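Comments concern the structure below.
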Amino acid sequence: MSLNQLSEVKVSDGRLLRVEHGSTSCGGNMTFALFLPPQAGNAPGDNTVPALYWLSGLTCNDENFSQKAGAFALAAQLGMAIVMPDTSPRCAKVKGEDETYDLGTGAGFYVDAIQPPWSKAYNMYSYVTRELPSLIQTHFCINDKAAISGHSMGGHGALVCALKNPEKYTSVSAFAPISSPTQCPWGKKALSAYLGDDESVWKQWDANHLVQTNHALGLAPQPMLIDQGTNDPFYTDQLMPELFNATCERLKYPIDYRAREGYDHSYYYISSFIDQHLRFHAAHLGLQVNL
């Protein structure tokens, strides 16, 4: 697969790339950002490093985290790559994809759509969990040890990707995730459009239900960290963390849930605590964390 490098800048002694490539999952060109720490080699056979996959939220693209989170200094010290995909296909030419902020462009919801016309391009789950990691490991000095994290819609995506693929990710974390999308307006709108009206299908993309499924299957819990600001304007109507927390408590599914007094939904909040998430993942990726 050919890659088109759009840019490269040096940051924290590492390299930040933006790369465009043709995607079979999304039926067209996709762009991702990639931070390579100084420990990563430059050619096949050189030293490889593990990666944290970061999934951004509604209206975002591959650049929001790289420009606002302030994550690269510590990632460089830890020897951790960070992969930052886009949040949806762009210019898929699906009717209505640019009409609202919470459906279509910038709002892929990290599912594989099964309803036309969305199904031809809106397959962000397959892109994030299969196509992109294969590309990253083939073309860059990154190994197959991976963790996943995200914010809001991306927090939903991180939880779903991890719970559906416990063998792929050493750990999962989320900032203000939509952890019960079948119960909130954002989720109901997206899931009905992408998946249809059968709510039993929706449950396959809902972290609150996936935790219960994994528990019933006897799968070992993954290390999980969730951050939530108490002044988040979407706390009550869209995020509803109490639902997910109550399920985990009932199942004795261990999560490290941290209520952040006075913090909102913004990147000011993410940048305040991103180092704690990086260290959390580094510990499970086998990296030295006492830096």
Side-chain angles (χ1 to χ4, degrees), residues 50-57 60 65 69 71 74-75 78 80-85 87 108-111 124-130 132-133 136 142-181 187 203-215 217-228 239-241 243-249 251-260 269-270 273-287 289:
L52 172 67
Y53 286 77
W54 171 270
L55 308 184
S56 289
C60 293
F65 182 84
L74 181 56
L78 293 168
M80 178 190 295
I82 304 179
V83 184
M84 297 150 278
T87 54
F109 262 83
Y110 305 102
V111 303
M124 290 300 295
Y125 171 77
S126 287
Y127 178 72
V128 166
T129 61
R130 293 196 288 272
L132 183 58
I136 290 290
I142 294 176
N143 57 47
D144 61 359
K145 295 186 69 174
I148 193 164
S149 185
H151 171 230
S152 195
M153 178 187 71
H156 144 77
L159 293 174
V160 165
C161 289
L163 290 166
K164 290 172 80 74
N165 299 275
E167 77 289 349
K168 282 183 177 287
Y169 304 103
T170 63
S171 49
V172 56
S173 73
F175 289 84
I178 307 170
S179 54
S180 299
K203 292 179 180 180
Q204 301 170 31
W205 305 97
D206 182 304
N208 193 37
H209 288 282
L210 289 171
V211 163
Q212 297 174 67
T213 299
N214 287 9
H215 177 77
L217 293 172
L219 299 177
Q222 291 163 290
M224 182 182 295
L225 168 62
I226 294 180
D227 248 290
Q228 177 62 61
L239 306 179
M240 299 181 287
L243 292 178
F244 187 69
N245 291 349
T247 297
C248 291
E249 183 177 0
L251 300 176
K252 295 182 172 55
Y253 192 103
I255 62 170
D256 185 350
Y257 178 81
R258 303 177 183 181
R260 303 297 190 178
Y269 148 65
I270 294 172
F273 303 106
I274 190 63
D275 281 6
Q276 294 184 25
H277 285 243
L278 294 184
R279 293 182 187 279
F280 167 78
H281 290 297
H284 296 289
L285 288 167
L287 299 173
V289 296

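For the numbers below, each heavy atom of this structure counts, side chains included, while hydrogens, waters and symmetry mates do not. If you're wondering where the values come from, they're calculated on a predicted model, not measured in any experiment.
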Give me the atom names and distance for the closest heavy-atom approach of [X] to [Y].
X      : Y      : answer
Leu78  : Val289 : CD2-CA, 4.1 Å
Gln222 : Pro166 : NE2-CA, 3.3 Å
Thr129 : Cys161 : CG2-SG, 3.6 Å
His156 : Pro181 : ND1-CG, 3.8 Å
Ala69  : Ile274 : O-CG2, 3.4 Å
Ser180 : Leu243 : OG-CB, 3.8 Å

Inter-residue atom distance [X].[atom1] - [Y].[atom2], 0.5 Å rounding:
X      : Y      : atom1 : atom2 : result
Leu55  : Ile148 : CG    : CD1   : 4.5 Å
Trp54  : Cys60  : CH2   : SG    : 9.5 Å
His209 : Ser179 : NE2   : OG    : 11.0 Å
Asn214 : Tyr253 : CG    : OH    : 6.0 Å
Ile178 : Phe244 : CD1   : CZ    : 13.5 Å
Lys145 : Thr170 : NZ    : OG1   : 7.0 Å

Query raised in the report: Which is it for Phe280 and Asp256 under the side chain to side chain contact (heavy atoms under 4.5 Å, CB included) test, yes or no, and what are the steps along the way?
Result: CA-CA 10 Å; Phe280 167 78; Asp256 185 350; 5.7 Å; no

Query raised in the report: Could you walk me through whether Lys164 and Gln204 pass the side chain to side chain contact (heavy atoms under 4.5 Å, CB included) check?
Result: CA-CA 9 Å; Lys164 290 172 80 74; Gln204 301 170 31; 4.2 Å; yes

[Y] and [X], any side-chain heavy atoms less than 4.5 Å apart:
X      : Y      : result
Pro50  : Leu287 : yes
Ser173 : His281 : yes
Met224 : Leu163 : yes
Arg130 : Tyr125 : yes

**Report entry** Lys/Arg cation over aromatic Tyr269: Arg260, 6.0 Å, 45° cone
**Finding:** no

Report task. Mind running side chain to side chain contact (heavy atoms under 4.5 Å, CB included) on Tyr110 and Val128 for me, showing each step along the way? Result -> CA-CA 8 Å; Tyr110 305 102; Val128 166; 4.0 Å; yes

Requested in this report: Please confirm whether Phe109 and Trp205 have ring centers closer than 6.0 angstrom.
Outcome: no

Query - Expected output: side-chain Gln228 to main-chain Pro241 donor-acceptor under 3.5 Å - result: no

